[in-house]
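Along the sequence shown, the residues carry numbers beginning at 1.
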Amino acid sequence: MFLLRSQKLWTVVTILVISSRVTHSLHFDLHSGRTKCIAEDIKSNSMTVGKYSVDNPHEGHDLPQSHKISVKVTSSSGNAYHHADQVASGQFAFSAVEAGDYMACFSAVDHKPEVTLSIDFEWRTGVQSKSWATVAKKSQVETMEFDVKSLLDTVNSIHEEMFYLREREEQMQDLNRSTNTKMAWLSLLSLFVCIGVAAMQYVHLKTFFEKKKVI
């Protein structure tokens, strides 16, 4: 029985580990004079790491000036966490102070004729942003201990993510209740307005027909 429960527990943990990986590795094109933004929903106090680079169209030569980009990472409230101008590559790392959508915007310099830049971008959030391989190399811990630490860190991240999703669900429920209440009052107001208009039309028509001595 204990073995069966252990197998079930490891199955659940494995599924949660797979579903909790928050890693975005992208390769996209950016035309000169254009801007492209990528959004990521990050909870507060989460570590996030990103790195980007522009593919060199002429290997063995310096990257032309037309292939330089500007990168800016901002929060949903407009606070800037990273800003780089006219670079070929770079990276950023910070701990999110506020929860919400964070935007990483890439801008290419205007150039005639128009050129197309190929950009590699990797964005890691939460437990995926931590380099466990570096920790293992520095401390020379045993393989099993390293696996346990990595798993514990992942489980803690899942636990925090569950509380975060629960808070978001409560916020959405409050918003739904507030919206339903407002819609109910609006419907009631509309009903009273319709009744008032109908009563005014009735009085007006009755007065009109009385003057015409129709009724």
Value for OG1 (T74) from NZ (K72), rounded to nearest 0.5 Å, stands at 6.5 Å
Worksheet item: Considering residues, nucleotides and ligands other than Q91, do more than 12 of their heavy atoms fall under 6.0 Å from its CD?
Response: no
| Going by atom types only, do S107 and S70 share a side-chain donor-acceptor pair under 3.5 Å? | no
inquiry  = Can you confirm whether T35 sits close enough to C37 that some side-chain heavy atom of one is under 4.5 Å from a side-chain heavy atom of the other?
reply    = yes
Which word best sums up how the rings of F92 and F121 line up, parallel for under 30°, tilted for 30 to 60°, or perpendicular for over 60°?
tilted
Report whether I195 and L188 are members of the same hydrophobic cluster (ILVMFWY, side-chain heavy atoms less than 4.5 Å apart, transitive linking). no
Scanning both residues in full, the closest heavy-atom pair of A99 with S76 reads O-OG, 4.2 Å
Quick check on R177: does its CZ atom have over 12 non-hydrogen neighbours (other residues, nucleotides or ligands) under 6.0 Å away? yes
**Request:** Spell out, as yes or no, whether a donor-acceptor pair under 3.5 Å connects the side chain of H111 to the backbone of P113.
**Result:** yes
Query raised in the report: Is there a donor-acceptor pair closer than 3.5 Å between any side-chain N or O of S118 and the backbone N or O of D55?
Result: no
Give the cluster check for V109 versus V71: same hydrophobic cluster or not, with ILVMFWY residues linked at side-chain heavy-atom distances below 4.5 Å. no
Item to check | Flag for T48-E40: side-chain donor and acceptor within less than 3.5 Å | outcome: no
On a heavy-atom basis, the closest approach of S46 and T125 is CB-CG2, 4.5 Å
| message | Around atom NE2 of H204, are there more than 12 heavy atoms from other residues, nucleotides or ligands closer than 6.0 Å? | response | no
### Message
Determine whether a donor-acceptor pair (N or O, by modelled atom type, separation under 3.5 Å) exists between the side chain of S178 and the backbone of D174.
### Response
no
Centre-to-centre under 6.0 Å for Y102 and Y81, is that the case here? yes
One should read off an interatomic distance between D120 CG and F28 CZ, to the nearest 0.5 angstrom, of 9.0 Å
d(H159 NE2, M162 CE) to nearest 0.5 Å is 7.0 Å
Taken to the nearest 0.5 Å, the spacing of I69 CD1 from F106 CZ works out to 6.0 Å
Exercise for review: For the pair T207 (side chain) and V203 (backbone), establish whether a donor and an acceptor sit closer than 3.5 Å, ignoring hydrogens and angles.
Suggested key: yes
Does any donor atom in the side chain of Y164 or D41 lie under 3.5 Å from an acceptor atom in the other side chain?
yes
Any donor-acceptor pair under 3.5 Å linking the side chain of N79 with the backbone of S75?
no
dist L26:CG -> E122:CD (nearest 0.5 Å) comes out at 9.5 Å
When every non-hydrogen atom of W123 is compared with those of I42, the smallest separation belongs to CZ2-CD1, 4.1 Å
Would you confirm whether K36, through its side chain, and D29, through its main-chain N or O, come within 3.5 Å as a donor-acceptor pair?
-> yes
(message) With heavy-atom distances below 4.5 Å as the criterion, would you say the side chains of W185 and L189 are in contact?
(response) no
Can you get from I158 to L165 by hopping between Ile, Leu, Val, Met, Phe, Trp and Tyr side chains that sit under 4.5 Å apart?
-> no
* **Common cluster, F94/M103, ILVMFWY with side-chain heavy-atom separation under 4.5 Å** => no
Rounding to 0.5 Å, atoms OG (S89) and NZ (K68) come to a distance of 9.5 Å
Would you indicate whether the side-chain heavy atoms of E98 and K43 approach each other to under 4.5 Å? no
Nearest heavy-atom approach of V115 to S66 is CG2-O, 4.0 Å
